[in-house]
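In what follows, chains carry the letters A, B, and so on, assigned in the order in which the sequence lines appear, proteins first and then strands, with residues in each chain numbered from 1. Any value given below was found using the heavy atoms of this structure, including those in side chains, with hydrogens, waters and symmetry copies removed.
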Protein chains: 2
Amino acid sequence: MRTVSGAVPSRPRLRADARRNSEQIRSAAIGAFQGRGLTVPLEEVAEAAGVSKATIFNRFGGRVGLIEAVIEEVVASELFAVIDHTRTIEDVGERITYYLTAIRDLQYRQPAVNDVLLQVYPHSRQLMEICRVGSEANDELVAAARESGVLRPEFTAGDLHALVVENALALKHGTRPARDDYDRRTGYLLDGIRGHRPPAGNR
Amino acid sequence: MRTVSGAVPSRPRLRADARRNSEQIRSAAIGAFQGRGLTVPLEEVAEAAGVSKATIFNRFGGRVGLIEAVIEEVVASELFAVIDHTRTIEDVGERITYYLTAIRDLQYRQPAVNDVLLQVYPHSRQLMEICRVGSEANDELVAAARESGVLRPEFTAGDLHALVVENALALKHGTRPARDDYDRRTGYLLDGIRGHRPPAGNR
DNA sequence: GGTAAGCTGACTCGTAGAGTCAACTTTCGA
DNA sequence: TCGAAAGTTGACTCTACGAGTCAGCTTACC
């Protein structure tokens, strides 16, 4: 299993209350980030954890530290699972369909994914690394797809990237559509970027 | 444009300097709104007009008043021209293509259009009216297009609306793409929403 | 029970632009 | 020409929000 975190340097032992608080903050953060994205006020995380905001600073150094302590659970594991699974799909057309559908599903369900993709915290190496891995997956996918003629020949990796980023912006700044509307629009997108080869029975 | 005639109460006549300033502010506002959208700082408009910010408040009452004094030139005329021209196109497929292309062109060239579509100033009756007219044009277009089978049967007016609004969000909050990339993506969009069975007479 | 680790309430800070107003300047008609 | 109303403006306040800080108190641990 791929992770973004390196080895955590073994720290001097924390006092029991500090350890307990760290754990409470972590799980409050996971909940808050999943529900409201990475930009949720730290006050809110603190309240959910039953500690004061200052304790978050004591334990995690600030928002970026906190994000990095939980990003694996909140974003990276699911995102990488999608990417990894994409690579196992033989048929390139299906691979595109799966990838775009799964990414858009993730974007809809996990606002935090959009914050990562939009690089809201560009100072976090970990978050940037997640982006980089995502971009690579994009490039790889588009290269394979174009080679096999499944996508329109003029479709670029930049186009796929823009598709995903624009969706992130729409979800972050707009009103979230009903799920079935959203999914139907995913279908339009897919049809718009596919090559016009296969003559019979769409899909 | 309708005006309530006769009901100009006390002070029809401005002093010469005030009239001059009003004109300078108006043209500075047109330039600024066209270049930077309706949310440009008033300070900037004032500077371009060679007056102080307070003078804008004296003459126009604030941002909304200023916007309403120039929205015709900045947004409404072009937008309505697109809508009117759309209605003159016989072929429904061409009508869709023209409309979406022209609206997206306008969104790209005039950031202010996006501020109107996103209802950034919902207290302005004039701006809301422009939105309403746009929405009606959308509905009308989708109704005609679906009837003739030019669009996928499941495509709704809400889908078209979402398409336009999401593009507005992307342009407002994201980095503006190169023009040729943008236009190519307009093409994908159009292909994604068109019906798959060619409607009768080919094109 | 000494003490260092840890916690927190209350604070400052930063941002960024809207909107206000007392004091000054300009216009204009008599 | 002059007085007074109209108009302008620099400098101010206000708002909103949350990040980040720290002195002084509390707690865990030996």
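- For C:dC7, the OP1/OP2 oxygens have no side-chain nitrogen or oxygen of A:Ser52 closer than 4.0 Å.
- Contacts classified as ring-ring contact (aromatic ring centres under 6.0 Å, His included) and involving residues 56-85 of chain B (residues at least two apart or in different chains) are given here: B:His85-B:Tyr98.
- Remark: B:Ser27 engages no residue in a side chain to side chain contact (heavy atoms under 4.5 Å, CB included) (not counting sequence neighbours).
- The phosphate of C:dC7 (OP1 or OP2) has a side-chain N or O of A:Asn21 nearer than 4.0 angstrom.
- Under the ring pair (Phe, Tyr, Trp, His ring centres under 6.0 Å) criterion, B:Tyr99 pairs with no residue, sequence neighbours left out.
- Partners of A:Asp105 under the side chain to side chain donor-acceptor pair (under 3.5 Å) rule, at least two apart in sequence or in another chain, are A:Arg109, A:Arg179.
- Contact check of residues 23-36 of chain A against DNA chain C (heavy atom, cut-off under 4.0 Å) returns no residues at all.
- Checked against side chain to side chain contact (heavy atoms under 4.5 Å, CB included), A:Glu136 has the following partners two or more places apart in sequence or in another chain: A:Arg132.
- Looking at residues two or more places apart in sequence or on another chain, you find no ring pair (Phe, Tyr, Trp, His ring centres under 6.0 Å) involving A:His161.
- Sorted by first and then second residue, the ring-ring contact (aromatic ring centres under 6.0 Å, His included) pairs involving residues 31-54 of chain A (not counting sequence neighbours) form an empty list.
- Under the rule for a salt bridge (Lys or Arg N to Asp or Glu O under 4.0 Å), B:Arg95 has no partner lying at least two apart in sequence or in another chain.
- Between A:Arg146 and A:Thr156, the side chains place no donor N or O within less than 3.5 Å of an acceptor N or O (distance only, hydrogens not considered).
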At under 4.0 Å between heavy atoms, how does the protein contact nucleotides 14-23 of chain D? Give one character per nucleotide, 5' to 3', with B, S or -. ----SBBBB-

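- Taking the side chain to side chain donor-acceptor pair (under 3.5 Å) definition, one finds that A:Arg104 meets it with A:Asn167, A:Thr186, sequence neighbours left out.
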Please list, pair by pair, any protein nitrogen or oxygen found under 3.5 Å from a nitrogen or oxygen in nucleotides 27-30 of chain D.
{"residue": "D:dT27", "atom": "O2", "partner": "A:Arg15", "partner atom": "NH1", "Å": "2.9"}
{"residue": "D:dT27", "atom": "O2", "partner": "A:Arg15", "partner atom": "NH2", "Å": "3.2"}
{"residue": "D:dA28", "atom": "O4'", "partner": "A:Arg15", "partner atom": "NE", "Å": "3.3"}
{"residue": "D:dC29", "atom": "OP1", "partner": "A:Ala16", "partner atom": "N", "Å": "3.0"}

